Amino acid sequence: MPAVVAEGLAKRFGDTVALRGVDLEIERATILGVLGPNGAGKTTTVRILTTLLKPDEGRAFIDGIDVVADPRGARARIGLTGQYAAVDERLTGFENLQLVGRMFHLRAPEARRRARDLLDRFSLSDAGDRVVKGYSGGMRRRLDIAMSLIAEPSVLFLDEPTTGLDPRARLEMWDVIDSLVAEGTTTLLTTQYLDEAERLADDIAVID
């Protein structure tokens, strides 16, 4: 079974139709690029697949787990990076990662080890003990993705991860995403950039 399957997803907010029959499949260790204009429903789709919203119609599965019937089981398999970096500016990079590790019930030594490993992997070791408030936009984005990987998810959702980054930071982010997939992480990437989809995605879906 593919790592991610969505069948006929539909969602309404009052009189507004956010999704009308979305079908997706993502093979393991590949990237699916999801394109569409603002308001097309990309983020709504991601929120359903990551158990943050329940669909009005349709079904979705992560590693064969129904996201509605067993949301806790699905959450154990996924990592999510939203459109805006969800980091605590008052903490250091290391403390942000350690905190998320503890939230995932990692033992304190394991959370510290994973935090240091991820800081090194995302080229943040030199800044790991600095307060995040002084990080650049690209550094915050890298830290945000590192936080979503603390529990070693098999499926990663990246919702417009390079929006607002300068060209150099975008290229660095692309290299990070490439390395994750090379190591076997299945990825859903929403983007508005055609060059980004062409550069990264194995397959492309368009939500109109």
Side-chain angles (χ1 to χ4, degrees), residues 1-11 17-53 55 58 60-63 67 74 77-87 121-123 136-149 153-208:
M1 187 175 188
V4 179
V5 176
E7 301 173 345
L9 295 182
K11 185 66 180 179
V17 178
L19 294 178
R20 185 186 289 115
V22 171
D23 300 301
L24 296 173
E25 285 191 2
I26 312 179
E27 297 299 328
R28 298 182 186 279
T30 66
I31 297 178
L32 175 69
V34 179
L35 290 88
N38 286 335
K42 302 187 299 296
T43 296
T44 300
T45 301
V46 168
R47 287 172 64 83
I48 290 173
L49 293 172
T50 56
T51 77
L52 298 176
L53 280 178
F61 302 88
I62 304 293
D63 282 344
V67 301
R77 308 296 182 96
I78 63 176
L80 169 64
T81 297
Q83 291 184 14
Y84 306 99
V87 296
R121 178 177 182 176
F122 284 84
S123 302
S136 68
M139 292 168 69
R140 291 182 188 215
R141 257 313 187 192
R142 294 204 304 275
L143 178 61
D144 195 31
I145 293 181
M147 289 164 63
S148 70
L149 296 171
S154 61
V155 180
L156 180 63
F157 293 87
L158 300 175
D159 193 6
E160 299 188 15
T162 64
T163 296
L165 297 185
D166 62 46
R168 179 178 177 180
R170 286 184 71 207
L171 292 174
E172 291 175 348
M173 190 61 62
W174 291 356
D175 289 341
V176 166
I177 295 168
D178 274 338
S179 68
L180 293 173
V181 177
E183 294 171 8
T185 304
T186 304
T187 303
L188 185 151
L189 167 74
T190 73
T191 181
Q192 297 186 54
Y193 301 124
L194 294 178
D195 61 333
E196 183 164 274
E198 183 177 29
R199 166 69 172 74
L200 294 173
D202 297 289
D203 295 292
I204 289 174
V206 178
I207 300 181
D208 186 4

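These numbers come from a predicted model, not from an experiment. Here, residue 1 is the first one in the sequence, and each next residue gets the next number. Just so you know, these numbers use all the heavy atoms, side chains as well, and skip hydrogens, waters and symmetry mates.
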Student check: side-chain heavy atoms of [X] and [Y] closer than 4.5 Å:
X	Y	answer
T190	V46	yes
E27	P2	yes
M173	L158	no
V22	I48	no
L200	W174	yes
T81	R141	yes

Looking at [Y], is its backbone amide N or carbonyl O close enough to the side chain of [X] to form a donor-acceptor pair, meaning the two atoms are under 3.5 Å apart?
X	Y	result
S154	R77	yes
T186	T30	no
K42	G36	yes
D203	L32	no

To check you understand the geometry: which heavy-atom pair defines the closest contact between [X] and [Y], and what is its length?
X	Y	answer
A205	L24	CB-CD2, 3.6 Å
G33	A201	N-CB, 3.7 Å
R142	F122	NE-O, 2.9 Å
I204	A197	CD1-CB, 4.0 Å
S148	P153	O-CG, 3.5 Å

Output the distance between atom [atom1] ([X]) and atom [atom2] ([Y]), rounded to the nearest 0.5 Å.
X	Y	atom1	atom2	value
R121	L149	CZ	CG	6.0 Å
T162	L189	OG1	CG	7.5 Å
R199	L171	CZ	CG	8.0 Å
L35	E198	CG	CD	11.0 Å
L165	M139	CG	CE	12.5 Å
D175	E172	CG	CD	8.0 Å

Legend entry - Test: R47 and D159 ion pair at under 4.0 Å: no
Inset, instruction - Test F157 against every option in T45, V34, L49 by the side-chain contact (heavy atoms from CB on, under 4.5 Å) rule and name the one that passes. - result: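 Among T45, V34, L49, the one that satisfies the side-chain contact (heavy atoms from CB on, under 4.5 Å) with F157 is L49.
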Legend entry - More than 12 heavy atoms of other groups within 6.0 Å of D195 CG: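 Yes - once you tally the heavy atoms of other residues, nucleotides and ligands closer than 6.0 Å, there are more than 12.
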Legend entry - CZ/R28: more than 12 non-hydrogen atoms of other groups inside 6.0 Å: yes
Legend entry - Stepwise side chain to side chain contact (heavy atoms under 4.5 Å, CB included) test for I62 and T51: CA-CA 10 Å; I62 304 293; T51 77; over 6 Å; no
Inset, instruction - Mind checking side chain to side chain donor-acceptor pair (under 3.5 Å) for T44 and listing every partner two or more places apart, or none if nothing turns up? - result: none
Legend entry - Listed partners of P37 passing side chain to side chain contact (heavy atoms under 4.5 Å, CB included), at least two apart: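 A40.
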